[in-house]
Amino acid sequence: MSNEEKDTKITINEKEEEEYQRSCMRKISRIVVLILIGLLATCYYIFVVELCIFTVQLLEAKVTFLVIFHLLFLLCVWCYLRTVMMPPVVPPEKFRPSESDKQLYLSDERPQVLQEILIRMAKDLHIKKAVRYCTTCHVIKPDRCHHCPVCNVCILKLDHHCGFLNNCVGFSNYKFFLLAVMYGVLLCIFTSAVSLYCSILFWTHQLPNSPSKVPIIVLFSLTTFFAIMLFRLFLDHFELALRNITDREDSDNTEEYNPYNLGFSKNLREVFGNEKKYWFLPIFSSLGDGFSFPMGDATMDIEKNAANVPKPVSENQN
């Protein structure tokens with residue numbers, strides 16, 4: 001067997017191994033999502049049935065607890081499902097070079113020549129930072145676009161791949177992700193406080209011992225744990241949103257200057273949009289198109305930058 005055939009065989013085996021690893025990670029993520037849904041269903045049953053129906057005696061308290069719980073629960077689940085089910089947005093067709101340009105790029109190995117080819121191919125794409133080419137997706141990467149090794153596609157404004165979602169968090173669903181974490185924190189805090197209140201009543205013998213005592217204590221432990229974890233996660237990502245930087249950029253960036261930082265107010269509007277009535281609803285309202293972004297030294301306002309680019313996500317997904 002020649003050396004060229006050996007190299008080809010090694011390359012094929014490496015690709016098969018990478019595909020196998022991606023398949024395993026996707027299967028594990030699906031299992032994690034099912035476990036998370038099971039935990040949500042269990043906590044829902046304990047709070048509604050064991051706590052509100054069987055334990056709480058005052059009708060006014062039952063109604064108040066149930067209304068607040070269901071409001072937060074529905075908002076949390078709605079945002080979570082939007083985050084999970086929203087497909088990641090890939091670069092549009094104009095970022096895919098022609099077949100001749102692609103063959104020209106792949107036929108050369110000199111870094112300087114490759115960069116010159118990329119700059120020529122990207123001259124009409126308005127890329128403000130370094131021009132990058134993905135040899136897996138065969139596209140020129142827009143600014144803030146990165147290749148996800150799990151999904152095996154390039155994703156616009158990639159933040160991270162989340163195993164609890166079995167999906168990537170990027171331009172199309174970052175707002176939904178933040179809202180899901182925020183409502184999850186509020187839901188866990190409220191559930192933890194109510195279950196703690198009932199647990200204290202059990203411990204002080206103001207409520208008679210019943211089969212609901214143990215499930216309520218378990219509910220308090222679970223929701224307290226998740227409240228702490230989700231609160232830390234929300235603080236981390238809200239701080240990134242205030243700086244207008246993704247988790248991927250924050251991990252890779254070695255420079256102190258962030259060119260996309262427009263100030264706290266405009267940074268939040270980049271994610272949540274200009275219409276504040278949509279900020280806390282899982283409705284897509286983020287500014288821009290996902291592949292062109294206003295820079296911190298831009299003289300125009302963010303609304304003018306956003307008005308010059310197409311907004312609908314459905315077109316970019318195609």
Side-chain angles (χ1 to χ4, degrees), residues 32-86 164-165 173-239 241 268 271-273 275-285:
V32 171
V33 170
L34 291 175
I35 293 174
L36 191 59
I37 293 174
L39 283 173
L40 276 172
T42 302
C43 292
Y44 179 88
Y45 168 79
I46 295 175
F47 187 88
V48 173
V49 178
E50 298 290 346
L51 193 150
C52 289
I53 296 178
F54 292 159
T55 304
V56 178
Q57 298 174 349
L58 291 175
L59 180 61
E60 294 83 356
K62 285 185 180 183
V63 173
T64 303
F65 291 162
L66 287 172
V67 169
I68 297 176
F69 176 81
H70 279 96
L71 179 63
L72 294 175
F73 184 84
L74 290 175
L75 284 171
C76 179
V77 172
W78 187 9
C79 295
Y80 177 77
L81 291 178
R82 290 295 317 259
T83 311
V84 171
M85 299 175 67
M86 178 65 72
F164 292 98
L165 302 171
N173 60 357
Y174 188 64
K175 175 190 173 183
F176 307 144
F177 170 76
L178 280 179
L179 290 179
V181 177
M182 182 189 73
Y183 287 126
V185 171
L186 296 176
L187 178 64
C188 288
I189 291 175
F190 174 74
T191 308
S192 175
V194 176
S195 57
L196 175 62
Y197 169 72
C198 292
S199 299
I200 293 174
L201 293 181
F202 278 121
W203 292 331
T204 57
H205 304 290
Q206 298 181 48
L207 283 176
N209 285 332
S210 68
S212 301
K213 179 179 179 180
V214 174
I216 290 174
I217 295 175
V218 172
L219 178 66
F220 166 71
S221 303
L222 283 174
T223 52
T224 302
F225 172 77
F226 281 110
I228 296 172
M229 301 301 294
L230 289 175
F231 184 67
R232 293 185 59 185
L233 179 64
F234 177 75
L235 285 182
D236 290 341
H237 278 277
F238 188 71
E239 186 262 341
L268 287 179
V271 177
F272 294 100
E275 298 289 338
K276 292 186 178 181
K277 60 184 178 182
Y278 298 129
W279 276 26
F280 300 102
L281 295 176
I283 299 172
F284 183 82
S285 58

Asks: Assess whether side-chain contact (heavy atoms from CB on, under 4.5 Å) is satisfied between L233 and H237, documenting all intermediate values.
Replies: CA-CA 6 Å; L233 179 64; H237 278 277; 3.5 Å; yes
Asks: When you look at CZ of F231, are more than 12 heavy atoms from neighbouring residues, nucleotides or ligands closer to it than 6.0 Å?
Replies: no
Asks: Answer whether the closest heavy-atom distance between the side chains of C188 and T224 falls below 4.5 Å.
Replies: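 Of all side-chain heavy-atom pairs linking T224 with C188, none is under 4.5 Å.
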Asks: Side chain of R82, backbone of P282: donor and acceptor closer than 3.5 Å?
Replies: yes
Asks: Tell me if a side-chain donor or acceptor on S285 pairs with a main-chain N or O of F272 at a distance below 3.5 Å.
Replies: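 Answer holds: yes.
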Asks: Any side-chain heavy atom of V33 within less than 4.5 Å of one from Y80?
Replies: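 A side-chain contact under 4.5 Å exists here.
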Asks: Atom OG of S195 and atom CD1 of I46: how far apart are they, to the nearest 0.5 Å?
Replies: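 If I round to the nearest 0.5 Å, the distance is 9.5 Å.
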Asks: Decide yes or no on side-chain contact (heavy atoms from CB on, under 4.5 Å) for L178 and V271, but give the supporting numbers first.
Replies: CA-CA 9 Å; L178 280 179; V271 177; 4.1 Å; yes
Asks: Measure the OG-CD1 distance between S199 and I216 for me, rounded to the nearest 0.5 Å.
Replies: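 Those atoms lie 6.5 Å apart.
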Asks: I would like to know whether F73 and F69 meet ring pair (Phe, Tyr, Trp, His ring centres under 6.0 Å); could you show each step before the answer?
Replies: CA-CA 6 Å; F73 184 84; F69 176 81; 5.6 Å; yes
Asks: Are L165 and F177 close enough that some pair of their side-chain heavy atoms sits under 4.5 Å apart?
Replies: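 Side-chain contact under 4.5 Å: yes.
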Asks: Tell me, yes or no, whether the heavy-atom count around Y197 atom OH, taken from other residues, nucleotides or ligands under 6.0 Å, exceeds 12.
Replies: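 Atom OH in Y197 is not packed in, count stays at 12 or less.
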Asks: Give me the atom names and distance for the closest heavy-atom approach of C52 to K62.
Replies: O-CE, 2.9 Å
Asks: Which is it for W78 and L179 under the side-chain contact (heavy atoms from CB on, under 4.5 Å) test, yes or no, and what are the steps along the way?
Replies: CA-CA 10 Å; W78 187 9; L179 290 179; over 6 Å; no
Asks: Determine whether a donor-acceptor pair (N or O, by modelled atom type, separation under 3.5 Å) exists between the side chain of K175 and the backbone of F280.
Replies: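 Side chain of K175 to backbone of F280: no pair is present.
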Asks: Hey, could you give me the CG/CG distance between L230 and L187, rounded to the nearest 0.5 Å?
Replies: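 With rounding to 0.5 Å, CG (L230) is 9.5 Å from CG (L187).
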Asks: Report the distance from atom CE of M86 to atom CZ of F284, rounding to the nearest 0.5 Å.
Replies: 7.5 Å
Asks: Would you please indicate yes or no on a ring centroid separation below 6.0 angstrom for Y44 and H70?
Replies: yes
Asks: CG/L201 to NZ/K213 distance, rounded to the nearest 0.5 angstrom?
Replies: 11.5 Å
Asks: Using 0.5 Å steps for rounding, measure from the CG atom of L71 to the OH atom of Y183.
Replies: 8.0 Å
Asks: Can you tell me how the ring of F47 sits relative to the ring of F190, calling it parallel under 30°, perpendicular over 60° and tilted otherwise?
Replies: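 Judged by the thresholds at 30° and 60°, the geometry between F47 and F190 is tilted.
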Asks: Decide if the gap between the ring center of F238 and the ring center of F234 is smaller than 6.0 angstrom.
Replies: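 F238 vs F234: aromatic centres under 6.0 Å.
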Asks: So does G273 get a backbone contact from the side chain of W279, meaning a donor-acceptor N/O pair under 3.5 Å?
Replies: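 Yes; judged by distance alone, with no hydrogens or angles, the pair exists.
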Asks: Given side-chain contact (heavy atoms from CB on, under 4.5 Å), test C43 with T191 step by step and report yes or no.
Replies: CA-CA 9 Å; C43 292; T191 308; 5.8 Å; no
